[in-house]
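All chains are named by letter (A, B, ...) in the order of the sequence lines, taking the proteins before the strands, and each is independently numbered beginning at 1.
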2 protein chains.
Amino acid sequence: MSGSTPKSKDRHQEILDAAARVITDRGLAETRISDIAEEAGVSPGLILYYFDSKDRLLSEALTYANDQFYLRMSREIRRIPSARDQLRRLVDLSVPGLLPEYGRLDEWALWIEVWVRALRDPEMAKDREFLDQRWRGQIADIVRGGQASGEFTSEETAEELALRLASMIDGLAIQVIMEDSQVTPEHMRRTCMDVAARELGFALEPVAT
Amino acid sequence: MSGSTPKSKDRHQEILDAAARVITDRGLAETRISDIAEEAGVSPGLILYYFDSKDRLLSEALTYANDQFYLRMSREIRRIPSARDQLRRLVDLSVPGLLPEYGRLDEWALWIEVWVRALRDPEMAKDREFLDQRWRGQIADIVRGGQASGEFTSEETAEELALRLASMIDGLAIQVIMEDSQVTPEHMRRTCMDVAARELGFALEPVAT
DNA sequence: CCCGCGTTTGAACGGCGGGTCAAGCCGAGC
DNA sequence: GCTCGGCTTGACCCGCCGTTCAAACGCGGG
């Protein structure tokens, strides 16, 4: 499998991967350099041989992980023909824990860490703005496609509609990842599609069950 | 004014207030006991005389601050007669930095800290669920009122509508507090009311400017 | 076979900060 | 005015962790 041979690829990347994994399940605040080293199967010293400081490593790891997620999702969506189906897939991929195949615990946990950090760290703030706008851009592209093909009848700008959908998804995902008893993954999925249908102007086919 | 005499009120509360202030502008991760002590004008030792540990203090401070915000908003909204105006006011109060009179930097910064912490701390998770549900409950009450009075024509349950509005507000508030260049406070306000009008079923009066 | 250099190790350092504590302060009650 | 007990102080302790560093490792080239 990928990355099984010890010294194969880029150590840099191996460490970023390990860091992302550790942050995801311990949380940024509880992440020690030694944890990352252990996860990566190397000595603590080596971490600082490849990165200038813990802070830089953590920031890089956060954006790196979000990058991965974006690329995976983007690649997958591009090959879906219908805008409505693209949207449905995007929503499914965004619901924490809906599709067990994807992601470890959850990319959303990392997003929240990014937000906290971006509040005080200008470097992270810049990265965050880029990531968030790219995320909305992805949605806007889908919307534009749907408007062009006539699947969506709304006359609002794609950017405004994308902002609404992205905000909705963000807000709901937070509740889901927190395991709020009133907001299940399935509930989030339905709510997102409901609102999308009304905002974009398309009909939800009647759902079974 | 309130709290000006040194030993007047409850030290407990004074410390919680100070803690909330420090967390708001330094961030949870950069908050030291000595910072809180300094902010409260007492010695570091005293902090741990009143609280068992730093962790407990921080958790209490977070929920305390959110409590304050909720109570203030709740009290104010209760005296507004029209449901539509209640909603408008709730939105205005929720937009970070829209009304300079209220709040220090922003209650939203604290929310994000709560979320991060709730991901790993079961105690905080419980508090968070309570706070979030109360927040949605507040919105649901407004919605119910509007449905009863005929101001809102949507037939959806108040709970579902409240979830949608709350999620939308959360998602947008995050972007605003991050100072995303594409999401200004004013933009958030308009978007919230737009979506609310469509979801709840009421007409926005024509806006000046 | 040996050299040299990039990589890797893990022991050691140093500072930071949470938590402890013995000692003072001060007001209330006698 | 004295004593008692709750408040308050700030110096101190101690473990933790980011960072440094000297030494070892191992591979490719000569």
For A:Leu48, answer base if it contacts any base atom (sugar-phosphate contacts may also be present), sugar-phosphate if it contacts only those atoms, and nothing otherwise; contact means non-hydrogen atoms under 4.0 Å.
base
Identify which nucleotide among D:dC17, C:dG18, C:dT9 has an atom closest to any side-chain atom of B:Ile33, counting heavy atoms from C-beta outward.
C:dG18
Compare the minimum distances between each of C:dT8, C:dG19, D:dT9 and the side chain of B:Val42, then state the nucleotide with the smallest one.
D:dT9
Classify the side-chain pair A:Glu160/B:His187 by whether it contains a donor and acceptor separated by less than 3.5 Å.
yes
Once you round it to whole Å, what is the distance between C1' of C:dG18 and CZ of B:Arg56?
15 Å
Provide, to the nearest angstrom, the distance between the CD atom belonging to A:Glu38 and the C1' atom belonging to D:dG18.
17 Å
Could you check whether any side-chain heavy atom of B:Asp127 comes within less than 4.5 Å of a side-chain heavy atom of B:Ser59, counting everything from C-beta outward?
no
Rounded to whole angstrom units, what separation is found between the CD1 atom of B:Ile47 and the C1' atom of D:dG10?
13 Å
Evaluate the salt bridge (charged side-chain N to carboxylate O under 4.0 Å, His left out) criterion for residues B:Arg144 and B:Glu159: first the C-alpha distance (whole Å), next the side-chain angles of each, then the deciding distance (0.1 Å), finally the verdict.
CA-CA 9 Å; B:Arg144 256 186 296 276; B:Glu159 283 71 23; 2.7 Å; yes
How many Å lie between CD1 on A:Ile36 and P on D:dG18, as a whole number?
8 Å
Does A:Arg11 have a side-chain nitrogen or oxygen under 4.0 Å from the phosphate oxygens OP1 or OP2 of C:dG6?
no
Within the structure, does a side-chain N or O atom of B:Tyr49 lie under 4.0 Å from either OP1 or OP2 of C:dG19?
no
For the pair made of CG in A:Leu57 and P in D:dC17, what is the distance, rounded to whole Å?
16 Å
For the pair made of NZ in A:Lys54 and C1' in D:dT20, what is the distance, rounded to whole Å?
17 Å
Side chains of A:Glu129 and B:Ser181 only: does a donor on one sit below 3.5 Å from an acceptor on the other?
yes
Rounded interatomic separation in angstrom, taking CZ from A:Phe51 and P from D:dT20:
16 Å
Whether the A:Ser154 and A:Glu199 side chains hold a donor-acceptor pair (N or O, under 3.5 Å, no angle test) is what I'd like checked.
no
Need one value for B:Tyr50: base, sugar-phosphate or nothing, where a base atom within 4.0 Å counts as base even if backbone is also close, heavy atoms only.
sugar-phosphate
Which nucleotide wins on minimum distance to the side chain of A:Ser43, given the candidates C:dG10, D:dG10, C:dG18?
C:dG10
Send over the distance from A:Leu46 CG to D:dT20 P, rounded to a whole Å.
15 Å
